[in-house]
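Following: one structure in structure tokens, then a few remarks.
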Amino acid sequence: MNITKVPFARPSIGKKEINAVKKVLKSGWLTTGKETELFEKEMEVFTSSPFCFAVNSNTSGLFLCLKAMGVNENNRIITSPYTFTATAAVARHLGSEVVFCDVEADSYNISPENIKKILKTEKDIKTIVPVHFGGLPCKMEEIRETASKHGLYTLEDSAHAFPAKTEKGFAGTLGDCGVYSFYTTKTLCTGEGGMILTKDPGLAEKIRILRSNGIDRQVWDRYTNPGSSWFYDVVEPGYKMNLPDILSAIGRVQLKRAFELLDKRKKIAEKYFSAFKDYDFIIPPPGMDFISVRQADSRIENSLHIYPLRLNLGKLKINRDEFANELQNLGIGISVHFIPLFLMTYWKQRYSLKPEDFPNSLDRYLTTISLPIWPDMTKQMVKRVIDAVTITGKKYYKIQG
Ligand SMILES: *Cc1c(COP(=O)(O)O)cnc(C)c1O
């Protein structure tokens, strides 16, 4: 039988994105310029964040924020092992070390309680880096409270979280800094790219200079030759992490489509949620309240970057890997987010990490499959995913007694 596959992820790129790129290509100015400036301004308005900086990736953005916060070989960061390696690796690039903190018992997000426990014994922490897994905001109020009690910064890895929201504002604006990712599979995509958000003018000033080779044009504009466009000063050895106009042009179109794209993902999530809720071999994902209570009193808006299908393995005769294989054999593109960092050679060896010290992360890893949830999925594709999951679950259901 020749059935077409349902891809795991695909960016939603239309005529508007293509025309925006064409315009930039014809303009003669390809790198960071007017489009990027407008993209940043529009993101500031959208998120009500006073400072936004477009960067060439979320990884670069996290790095610049930690650098600006003074993360270095004399201190450490706390983050979740349930993330992509970049979240932790950027600290190592600054000579800093990483303390991993398990996720909550019932979610995929870092546990505020476990952060508190770590801070009882560990003294040299500089920054807490929560990851809003799949687009569900972490418990930022509690985390911020702990951070301020200990004089620490918070940096939200918001790679999944555009445009997730809480009653306090958009994810990415809830800590000292936040960083979105515009990687191809993410909820706003420019191919590669990212955006730093901060409300701290001091951090903003440092990030602005660090991002562009340590160049400070304003110093020269202030003190000398305000009319000379060729003057600039270098105040430190910075980095080259700017986002070019070609990509910002795509980002500006995608930003305008943010809620259109979110709505489409929401419709898919709703279908999955209601199709699966009556099967006891599936544990409903956290943070999907909007489906049962609808918008009115939903305080949290999940950006729905990932739909985690969590299996109740006690009810099944097969494990996660086998279940995933079955889905793939039925033509469903799937993934697993994440292979926790304590299972990765580098992190495991550097800190002699043991999986049993992260029971919740390990459980999530062993039970979860990411299902396709991209805006342009057809109704038929969504139905095929649902059918594949329910058929597999029924086929391998463990009859009790
Ligand atoms: C995608 C991702 C990153 C890295 O984003 P880039 O833009 O590719 O650098 C970081 N953290 C998490 C949680 C991610 O999913």
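Everything numeric here is computed off the predicted structure, so don't read it as measured data. Counting starts at 1 for both ligands and their atoms, following the listed order.
- Using a 4.0 Å cut-off between charged side-chain N and carboxylate O, Glu301 and Lys266 make a salt bridge.
- Nearest protein heavy-atom neighbour of atom 11 (N) of ligand 1: Asp157 OD2, 2.8 Å.
- Under a 4.0 Å N-O distance rule, the pair Glu142/Lys168 does not qualify as a salt bridge.
- At least one N or O atom of His160 sits closer than 3.5 Å to an N or O atom of ligand 1.
- Distances shorter than 4.0 angstrom do not occur between any heavy atom of His337 and any atom of ligand 1.
- Note on ligand 1: Ser60 sits outside its first shell, no heavy atom being nearer than 4.0 Å.
- Ring to ring, Phe46 and Phe162 are close: their centroids are under 6.0 angstrom apart.
- Applying the 4.0 Å criterion to heavy atoms of Gly193 picks out, from ligand 1, the atoms 7 (O).
- Proximity of the aromatic rings of Tyr183 and Phe84 is defined here by a centroid distance below 6.0 angstrom, and this criterion is not met.
- Interface of Thr87 with ligand 1, defined as ligand atoms under 4.0 Å from a residue heavy atom, comprises 11 (N).
- Less than 4.0 angstrom separates some heavy atom of Val131 from each of these atoms of ligand 1: 13 (C).
- Residues Cys65 and Ile196 are in side-chain contact: their nearest non-hydrogen atoms beyond the backbone lie under 4.5 Å apart.
- The aromatic rings of Tyr272 and Tyr307 sit perpendicular, their planes meeting at an angle over 60°, well past the 30° parallel limit.
- Considering backbone and side-chain atoms alike, Asn58 places an N or O below 3.5 Å from some N or O of ligand 1.
- Figure legend: Arg364 and Phe338 shown without cation-pi pairing, the cationic atom not lying both under 6.0 angstrom from the six-membered ring centre and within 45 degrees of its axis.
- Distance from atom 12 (C) of ligand 1 to its nearest protein heavy atom, with residue and atom name: Ala159 CB, 3.5 Å.
- Ion pairing of Glu270 with Lys267 is absent here, as no side-chain N (NZ or NE/NH1/NH2) approaches a carboxylate O to less than 4.0 Å.
- Residue Thr83 has no N or O atom closer than 3.5 Å to an N or O atom of ligand 1.
- Here the protein heavy atom with the shortest distance to atom 14 (C) of ligand 1 is Lys186 NZ, 3.2 Å.
- Two rings, from Tyr396 and Phe323, have their centers 6.0 Å or more apart.
- Annotation for ligand 1: atoms under 4.0 Å from non-hydrogen atoms of Ser181 are 5 (O), 6 (P), 7 (O).
- In Phe338, the part holding a heavy atom less than 4.0 Å from any atom of ligand 1 is the side chain.
- Contact atoms of ligand 1 toward Ser57: 7 (O), 9 (O) (distance under 4.0 Å to a heavy atom of the residue).
- Ring-centre distance between Phe100 and Trp347: below the 6.0 Å cut-off.
- The protein non-hydrogen atom at the shortest distance from atom 9 (O) of ligand 1 is Thr59 OG1, 2.5 Å.
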